[in-house]
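Only this structure's heavy atoms are used, side chains among them; waters, hydrogens and symmetry mates stay out.
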Amino acid sequence: YFVKLKELLTTYTKAFIVSVDNVGSAQLQQTRKALRGKAELLMGKNTMMRKCIREFCEENEGTPVGQLEALCRGNIGFVFTNGDLGEIREVLEANVRPAPARVGGIAPADVVVEKGPTGCDPGQTAFFQTLQISTKITRGQIEMTNDTHLIAEGDKITASQAALLQKLSIEPFTYGIVLKSVYDNGSVFDAKVLDITDDVLADKFSAALSMVASLSLALGYPTQASVPHSIANAFKAVVAVTLGCDNYSFKEADTYADYLADPSKFASAGGGGGGAAVETVEEEEEEEEEEAPAAVDMFGGGEEGGDY
């Protein structure tokens with residue numbers, strides 16, 4: 001075992017520290033098959049792993065692997081790889097299995113039983129009353145009238161709660177390999193860091209850049225973030241002064257001068273089709289006027305009717 005672990009520590013530069021609570025041997029074997037050719041899963045006793053890591057550090061002075069010794073706590077194992085951590089993470093998290101609630105176990109998540117028919121006969125009403133669940137009898141079976149928050153995350157599962165879930169054929173939990181920490185080229189960090197994508201980093205950078213630009217403009221201190229805004233503001237000031245002059249202008253300012261001289265150009269530049277709509281309405285009105293019949297009085301005469 002010592003030779004195997006030292007070989008893995010030498011060969012690979014990345015590793016996941018994983019928790020395998022409630023994970024069976026068959027499930028671990030399926031995970032090993034899924035990781036074949038990409039990574040290696042190694043389990044063992046914590047005392048043996050810590051001793052092996054200490055010996056490896058003594059044999060290789062200055063190695064950062066010694067950080068892994070403090071992480072050998074609980075039911076944990078190592079997944080070694082030189083590939084993409086995100087890809088290995090997907091494989092590990094995909095191999096989960098539904099599991100029933102076990103008496104005395106700690107609930108890893110909240111359990112809410114939805115209202116509706118339970119399939120239980122009316123003779124078992126007392127069982128639901130013990131758990132303070134409101135019910136009614138519908139079509140010869142017990143029906144829960146409200147959603148019931150049966151178990152809270154972190155609570156110890158009682159015998160009554162486990163029995164109810166078993167009666168309803170509900171397997172509320174899923175068990176699989178849980179990522180605890182990540183070791184990458186001498187750095188150890190929480191596995192949640194892998195949730196940070198390129199899009200998240202880009203959004204954070206954009207927000208920080210906007211903040212720097214705002215502070216720079218407010219303080220009058222030029223920076224690379226504020227220079228584009230400063231140039232834009234200077235251009236606006238130059239155009240404003242130019243429009244106020246009668247004998248001076250330049251190419252870029254001519255466009256704004258034309259807009260001010262003829263506001264109708266705004267409509268055509270907007271691309272909304274406003275001018276075309278006005279022309280269409282005018283044409284329709286002309287057509288209606290042409291098609292209108294001559295006026296007729298109440299006696300059938302025309303506009304030039306005789307004297308009455």
If hydrophobic clusters are built from ILVMFWY residues whose side chains come within less than 4.5 Å, do Tyr12 and Phe2 share one?
yes

Verify the neighbour count for atom NZ of Lys180: are there more than 12 heavy atoms of other residues, nucleotides or ligands below 6.0 Å?
no

Starting from Leu8, can I reach Val188 by hopping between I/L/V/M/F/W/Y residues whose side chains sit under 4.5 Å apart?
yes

Ile76 side chain near Val20 side chain, heavy-atom distance below 4.5 Å
no

Counting only heavy atoms not in Asp198, do more than 12 sit closer than 6.0 Å to its CG atom?
no

More than 12 foreign heavy atoms under 6.0 Å from CZ of Phe128: is that the case here?
yes

Flag, side chain of Ser187 to backbone of Tyr183, donor-acceptor distance under 3.5 Å:
no

With a 3.5 Å distance limit and no angle check, can you tell me whether Ser226 reaches the backbone of Thr223 through a side-chain donor-acceptor pair?
yes

Side-chain (Asp190) to main-chain (Ser181) donor-acceptor, under 3.5 angstrom:
no

Judged by atom type as modelled, is there a donor-acceptor pair below 3.5 Å linking the side chain of Gln141 to the main-chain atoms of Gly119?
yes

Group every Ile, Leu, Val, Met, Phe, Trp and Tyr by side-chain heavy-atom contacts under 4.5 Å, then state whether Val3 and Leu9 land in the same group.
no

With a 6.0 Å cut-off (strictly less than), is the heavy-atom count around CE of Met211, excluding the residue itself, greater than 12?
no

Could you tell me if the side chain of Thr11 sits less than 4.5 Å from the side chain of Phe80, heavy atoms only?
no

In short, side chain to side chain donor-acceptor pair (under 3.5 Å) pairs touching residues 202-214 with sequence neighbours left out are none

Is it true that Arg54 and Glu58 have a side-chain N and a carboxylate O under 4.0 angstrom from each other?
no

Checking the side chain of Thr125 only, and the main-chain atoms of Pro122 only, is there a donor and an acceptor separated by less than 3.5 Å?
yes

Donor-acceptor pair between Asn82 and Thr13 side chains, under 3.5 angstrom:
yes

Is a side-chain donor or acceptor of Arg32 paired with a backbone partner of Glu40 at a separation under 3.5 angstrom?
no

Can you check whether Ile151's main-chain N or O pairs, donor with acceptor, with His149's side chain at less than 3.5 Å?
yes

Holding to salt bridge (Lys or Arg N to Asp or Glu O under 4.0 Å), I want the full list of residues that pass it with Glu59, two or more places apart in sequence or in another chain.
Lys6

Please check if atom OH in Tyr221 has more than 12 non-hydrogen atoms from other residues, nucleotides or ligands closer than 6.0 Å.
no

For Lys14, does its backbone N or O pair with a side-chain atom of Asn185 as donor and acceptor, under 3.5 Å?
no

Verify whether one side chain among Thr145 and Ser134 offers a donor that lies under 3.5 Å from an acceptor in the other.
yes

With distance as the sole test, does Asp110 use its side chain to make a donor-acceptor pair with the main-chain N or O of Glu153 at under 3.5 Å?
yes

Whether the side chain of Glu87 engages the backbone of Asp84 through a donor-acceptor N/O pair (distance < 3.5 Å, no angle test) should be reported.
no

